[in-house]
Amino acid sequence: MIRRAGRTSLMSNSRFDVRFDPGQADSRWQRAWDEARCFEADSNSDKPKSYVLEMFPYPSGRIHIGHVRNYTMGDVLARYKKMRGHEVLHPMGWDAFGMPAENAAMEKGVHPAGWTHDNIATMKAQLKQLGFALDWSREFATCDPEYYGHEQALFLDLYEAGLVYRRESAVNWDPVDQTVLANEQVVDGRGWRSGALVEKRKLNQWFLKITHFAQDLLDGLGDLEDWPEKVRLMQENWIGKSTGLQFAFDLSNGESLEVYTTRPDTIFGASFVAVAADHPLAQGVAASNCDAAKFIELCKQGGTTAAELETAEKLGFDTGIGAKHPFTGEYLPVYIANFVLMDYGTGAIMAVPGHDQRDFDFAAKYGLPIVRVIAASADQADAPLTEAEAGDGVCVNSGFIDGMSVAEAKAAVIARAESEGWGEGKTVWRLRDWGVSRQRYWGTPIPFIHCDACGVLPVPKEQLPVTLPEDVDFSTPGNPLERHPAWKHVDCPKCGHKAERETDTLDTFVNSSWYFLRFASQPDDKPFDKTEVAKWLPVEQYIGGIEHAILHLLYARFWTRALAHCGLLDVTEPFASLFTQGMVTHETYSVREKRKDKIAEAFTRWLEPSEVRKEGGQTFEIATNQPVLVGKVIKMSKSKKNVVDPEDIIADYGADAVRWFMLSDSPPERDLPWSEAGIEGCGRFVQRLWRLFGQYDPDATGEDKAVARKMHQTIAAVGEDIEALSFNKAVARLYELTSVVEKAQPSASRSEAIAALMLMVAPMMPHLAEEAWSEAGFDGLVSTAAWPPFDPAMLIEDEVTIAVQHKGKLRDTLTVAKGLPKEELEALALASEKVQRSIDGAEVRKVIVVPDRLVNIVT
RNA sequence: GCGGGCGUGGCGGAAUUGGUAGACGCCGGGGACUUAAAAUCCCCUGAUCCACGGAUCGUGCGGGUUCGAGUCCCGCCGCCCGCACCA
């Protein structure tokens, strides 16, 4: 199976005589791969194709260990697929627009472009050091004008297709810095720099009609069998299809108010009506009532996020208006409430405290009635409610729907509303259109021009790209594009009079919504070529963090559909299989210190792992020798200093040991705790394999059945494990084979197993594998060699160990020939001395025999 | 608050999906080699009891189904992630 050429003796002057030296081997093989250009994908190949993609990184400065884990997983799969004869596309690029570049500009006075390009250079060098099998010929950064220019063209295509529009929408406004803040820049309702109370302010902004594809995006989830169930569920909940009743309350002031409810079955339990603070009704009340206006102002303070709105104390303002209940005719009070969202449904709700916790909290606070209208059974109609009960049951205290199930009552109430003409059944989506406007510089300029006479006009396509101006000033907060003297002012493309450019840029999620298409095909004159893309898409395996489970992945699915809708693409689902990997974690180290200026106030000083020393179960700070508090194992973060720099550990242990550590022990979807002892173990294993590889002897003779069987079993299992991305299991099996081969006497089987090990570790430890492969005298690169075959006949053991239980407890084990009939197994089990002692003369009532597994005797 | 996930030795985890719990690795202990150290190799390592043959307990907690439960069902507890302008 393996041909060998060249050297005939390994006995002398071999690299195997000394320890494996990653310091010189790593870079030598990295150069060899570059020179051979062996990882560049050929679109015209007739091999089966594999598109392996990891989420491209934001160039934040340096590669962190999370990147290393992510890209190592993808790399193992890409290298494995190549060895299995696939034409592999495994590209890399840079998600290069975003806020940190502007923050650096403000803090350090560097230009975002320069900062970003420096970071890319650093990080690319770091990725190269890890030996990833990437097709660098397809590399790009989203901040390249070529890339974002094509993105602008696509944006205009979507505009022509009616999928882009403008409307008013709220942003976080910092009144001191006079700037728009991202949610993460709002801390406890205050601007992170100014500390000013953040306000909600309305701006005209650009939106993409993702809701047009809501049903399609939902339906598509059903076909994504190779996506984690939890991600599909999260997206399903995010899209949030609900059917309910939309109806109008007649108000005591003569007007009417549309509300939407998903629980029309609880309509008889409605005890008040609530509208959002920015609902027109609330605005109307505020116009003549300054208390109401004050309350609305209060609601504007604080964050805009759902989590903040829902955890904030429920507050309301009684408008004094009454809403007439459609069945009882009773008037319910209408409140303005801080927990009602204008963006969902009609921005107004009927509140049923008995069966919705938010309504319950509100009713309890304001002394409103809490009525039970759903009960476990009809005789429980008056059971007291101590909290909202959202579960199933039958209707009680509910007039004509009494006794109906929740589902029946929903249908009955909708039917009645429709026949009486005051309401209708309606499907409502939680999914909202995607706001893509950002009031920032470092992003894709939105290619539109505002003309007083002609309105909002797209930039003609032949004038693309609209490039960012380079001479910008970050000394004052806010968007530099707004105050740029020249860039902003242009002539109207229609009437030729003076007009202004749109100064908003696109959300960076737009950049990452089509980058996988550009990797597959990158012509100069258009974003991508449809037929070329069709050769590579969908991505066979997409790998990234769970934090992208909803937004990025939903936006990319939407964008792909939208482009297909415009006739630019034939695919609708970009990622056939998705894998979400866990984080890399580390324990934290801190010392509590007393501040000199504030003696009473202790504060925490965090220490880096390199600043502490462990001794006799205790941990000390190296510099001061004082005891260190060892904290929880949490995600590595700069603020807690529990970080390790990949470059440092590569320097200490070599790329292969780092890669091996990333794959070992923890299942890839779970968190991986970083440990110094663990990486040391990996470094030892690299040397252990190296010593074993040095024992490869092409002239060895003789068969060793046990070694051969173990090798075939391992080849079969490791292949399956890699395909399932169960790298930790593949690693464990390779350890097992290594141990077996080490202990075996020299034989042809043993040498064959050593060669197979070189091939099997090649995707994981490519530098070591190349060095051993060439040193053992094999031709060519191991990276382009074929994965070793296995013989299915060799997988089957001829002996099995049978568990013998008495009353479900293990009493003995028997080693027998595989496939022994039930009767014989039973007889052997009953003959066991240990079993007889346990039975102790009792009557055997039943014997359960599972062939090749166990015998259970019941007395 | 809503939605999602995860709990197995000192630690990371494995267990053919209802069939020998703890594979494999790390840590720790003992030994070999060495003048010594490093490196390497061998043995032990869930808890308790023990007559040294073994016994009992044990997969977050409490119930249940089953000849048999880490795995299935019901109810709790704890921790983690996401929540639309971080990427």
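Just so we're on the same page: letters track the sequence lines, and every chain starts at 1.
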Q. Can B:G68 be described as syn, meaning its chi torsion is within 90° of 0, or is it anti?
A. anti
Q.
Anti or syn, where syn is a glycosidic angle within 90° of 0; which label fits B:U17?
A. syn
Q: For nucleotides 19-32 of chain B, just jot down a letter per nucleotide in 5' to 3' order: B, S or -, based on protein non-hydrogen atoms under 4.0 Å.
A: BB--BSSSS-----
Q: Take nucleotides 48-54 of chain B nucleotide by nucleotide from the 5' end and write B, S or -, depending on whether a protein heavy atom sits under 4.0 Å from the base, only from the sugar-phosphate, or from neither.
A: ------S
For [N], does either OP1 or OP2 sit under 4.0 Å from a side-chain N or O belonging to [X]?
X        : N     : value
A:Arg432 : B:A84 : no
A:Arg232 : B:G4  : no
A:Lys230 : B:G82 : no

Protein-nucleotide distance ([X], atom [atom1]; [N], atom [atom2]), rounded to Å:
X        : N     : atom1 : atom2 : value
A:Ile239 : B:C83 : CD1   : P     : 16 Å
A:Lys822 : B:C67 : NZ    : P     : 15 Å
A:Leu551 : B:G3  : CG    : P     : 18 Å

Q.
Pick the closest RNA chain B nucleotide for A:Met234 and for A:Phe509 by heavy atoms, then say which residue is nearer the 5' end.
A. A:Met234
(Q) Please confirm whether the ring centroid of A:Trp94 lies under 6.0 Å from the ring centroid of A:Tyr147. (A) no
Q: Measure centre to centre between the rings of A:Tyr344 and A:Trp429, then say whether the value is under 6.0 Å.
A: no
Nearest to the side chain of [X], heavy atoms from C-beta on, is which of [options]?
X        : options             : value
A:Leu431 : B:A84, B:G13, B:C85 : B:A84
A:Leu233 : B:C67, B:G13, B:G4  : B:G4
A:Val180 : B:G4, B:C67, B:C85  : B:C85

When we call it a touch if two heavy atoms are under 4.0 Å apart, what does [X] touch: a base, just sugar-phosphate, or nothing?
X        : value
A:Trp238 : base
A:Lys743 : sugar-phosphate
A:Arg430 : base
A:His548 : base
A:Pro57  : nothing

Looking at residues at least two apart in the chain, or sitting in another chain, which of them share a side-chain contact (heavy atoms from CB on, under 4.5 Å) with [X]?
X        : value
A:Arg432 : A:Asp343
A:Asn479 : A:Tyr441, A:Leu481, A:Glu482, A:Thr503
A:Leu233 : A:Asn237

Q: Would you please classify the geometry between the A:Tyr735 ring and the A:Trp660 ring as parallel, tilted or perpendicular, with 30° and 60° separating the classes?
A: perpendicular
Q. Aromatic rings A:Phe509 and A:His552: how do their planes relate, parallel, tilted or perpendicular, breaks at 30° and 60°?
A. parallel
Q: Once you apply the 3.5 Å cut-off to both distances, tell me the Watson-Crick or G-U wobble partner of B:U40, or none.
A: B:A32
Q) Is B:G3 paired to anything, Watson-Crick or G-U wobble with both distances less than 3.5 Å, and if yes, which nucleotide? A) B:C81
Q: Decide whether A:Arg557 and A:Gln235 meet the rule of one side-chain donor and one side-chain acceptor closer than 3.5 Å.
A: yes
Q.
So for A:Gln205 and B:C85, does any side-chain atom that can act as donor or acceptor lie under 3.5 Å from a complementary atom in the base?
A. yes
Q. B:C85 base to A:Arg440 side chain: any donor-acceptor pair below 3.5 Å?
A. yes
(Q) What's the separation between atom CG in A:Asp721 and atom CG in A:Leu663, rounded to the nearest 0.5 Å? (A) 12.0 Å
Report, one line per pair, each donor and acceptor closer than 3.5 Å where one atom sits in a side chain of residues 677-687 of chain A; sequence neighbours left out.
from	atom 1	to	atom 2	distance (Å)
A:Gln687	OE1	A:Phe20	N	3.0
A:Gln687	NE2	A:Phe20	O	3.0

